[in-house]
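The structure displayed is predicted, hence computed values, not measured ones.
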Amino acid sequence: RVLGMADILADASEPKRRKLTGESLGGLPADLVARLRDETLAWAVTNGVLVATPDEKFVHAPCALLPFAFPASLYSQAASLSKPFNTLVDRVARDTEWLHMVTRGVVGHDDFTGRLLKLSEAVAAEGATQPLQLGIFRSDYMVHQPTDDDAPRLMQVELNTVSASFGSLSTKVCALHRELLARWACSASAAEAASLSRLPHIDAALRDNALLPRNTSESDICKGLAAAHEAYCKLPIDEGEEHVPCVVVMVVQPTERNVIDQRGIEICLWAAHAVPLLRMSLAEFVTKASLHGCRRRLRLQGGSVEASVVYFRAGYTPNDYPTCSEWEGRTLIERSYAVKCPSVAQQLAGTKKVQQVLASPTELSKFASADAVAQLRSCFAGLYGLDEDGGERVVSTVAKAIESPDSFVLKPQREGGGNNLFGVELREALQRMDPSERSAYILMERIVPPVADALLMKGGVVEGGKCACELGVYGVFLGDGQRVLLNQMAGHLLRVKIATVNEGGVVAGYAALGSPVLYP
């Protein structure tokens, strides 16, 4: 369906704008909030800060109207952790014996992780033909500061190893805030300037735009894809094999709401590197792809093109595998010579159980030097396994969580938001589960972040209140187990949510895209 501007601006109606009049919001007068909203909405639509709706329209992505304060020292710490976390995931994914042993502990009541484990075991048994692995990861953090008297501390929420989204939209939202703040610094009325200056972090950013860090996540992710594509194209062709053009393939959901973020990567990959990209669902691989030659090259479109890299932006949730065809497509990809981003082993390395086991210094030291262990552990929250054979240790941990459910989060091996349990739901779940069912989860110490006033726009409507933020740091890693071809931080993502909201997904409706203002 071809959409007109009226469809895109469907949520910018006058009735919604009138909701702002006659009242202050987030500590700012309503007329200033209305101007911020209108200019943010116009910039977002003009520059493609959009998501799709279930009825195939496009609306602006949920976003904060102003940047959110974040400690500069903790931002620097998060950035410095990117490379060691990249290296850690690559090493864990290559030690399939250890990885499979750890993952087996959660599959008794987790069929999805069990299917991924069986696939990884089958690939390892057959023998992979492609040693190169590309990782586009995102490590998510929050600031832990239970009281004003406590020193703020960076604590990791999770490490995403598959379908780390918003690399494109996060770049755009950071550019949105940098541009609009610079314009407002020059054009705000005296009354508007006075109102904005009452927000200390915004006043500082208006005076010094450098406090808004530039975000290169879109270009850095594309750099990683292009590097993997180039490395693949340089690999020798076996005698008797025909050379065909190579493309990157993005695995997508058949109905994808975050399509503009994905298209941003596709467009940047071509504009910056002249690398073509095709979009395919998992099921389409069954009918449109086949393996060729002793290395099992992944050929598409009747054999006329070859997949150099398969970049998963789907496949992280059971909902992406409604039939056997999706599993057949995933198996075909994993067995192929194409560079996987991620491989199924890398995906397993990002499960919550692996995260919990690696919180042990003994286990972590199997994959990292003493210095790297100390650096990585500096951001770990308390993580507790619920193994069926965990004995008194698990019994004691569960009892503490039932007694103080607001101090913990109960996490399954899932991505995508909306899966974790908190508070009363956590207590009831632990009281209901038997030890076998419980073993599919981990408990994590609940992070208590500082809060501040913020303005969030969703569906054209602005809401204000006390908010918290979550910082994601992207990382790109390319290596073959012997050589590291690329290992770098790859930009950032900031999500802002009303403080009383537990989950943090943007497309799922829990949070809004934002950008950080760094302060001492």
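- For the pair Arg427 (side chain) and Ile402 (backbone), a donor-acceptor distance under 3.5 Å is present.
- Ring centers of Tyr321 and Phe112: under 6.0 Å apart, within the cut-off.
- Here Asp406 pairs with nothing under the salt bridge (Lys or Arg N to Asp or Glu O under 4.0 Å) rule; sequence neighbours left out.
- With Glu256 as the fixed residue, the side-chain hydrogen bond (donor to acceptor under 3.5 Å, both in side chains) test singles out one of Arg263, Arg313, Gln262: Gln262.
- Here the straight-line distance linking atom CG of Leu81 with atom CE of Met489 works out to 10.5 Å at 0.5 Å rounding.
- Within a 6.0 Å sphere centred on CD of Gln431, other residues, nucleotides and ligands contribute more than 12 heavy atoms.
- Atoms OG and CD, from Ser120 and Glu334 in turn, are 8.0 Å apart once rounded to the nearest 0.5 Å.
- Because its NZ or CZ atom is not both nearer than 6.0 Å to the ring centre of Phe68 and within 45° of the ring axis, Arg495 does not count as a cation-pi partner of that residue.
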Pairs of donor and acceptor atoms involving the side chains of residues 200-211, under 3.5 Å and at least two apart or interchain, shall be tabulated with distances.
unit_1 : atom_1 : unit_2 : atom_2 : d
His201 : NE2    : Pro67  : O      : 3.3
Asp203 : OD1    : Arg207 : NE     : 3.3
Asp203 : OD2    : Arg207 : NE     : 3.2
Asp208 : OD1    : Ala210 : N      : 3.1
Asn209 : OD1    : Arg178 : NH2    : 3.3

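- Taking the six-membered ring where tryptophan is involved, the planes of Phe70 and Tyr75 are perpendicular, since the angle between them exceeds 60° and thus also 30°.
- Using modelled atom types, one finds a donor on one side chain and an acceptor on the other under 3.5 Å when comparing Asn487 with Thr87.
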Report, one line per pair, each donor and acceptor closer than 3.5 Å where one atom sits in a side chain of residues 434-446; sequence neighbours left out.
unit_1 : atom_1 : unit_2 : atom_2 : d
Asp434 : OD1    : Ser436 : N      : 3.0
Asp434 : OD1    : Glu437 : N      : 2.7
Ser436 : OG     : His109 : NE2    : 2.9
Ser439 : OG     : Ser436 : O      : 2.5
Glu445 : OE1    : Gly382 : N      : 2.9
Arg446 : NH2    : Asn502 : OD1    : 2.4

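- At least one side-chain heavy atom of Ile447 sits under 4.5 Å from a side-chain heavy atom of Val157.
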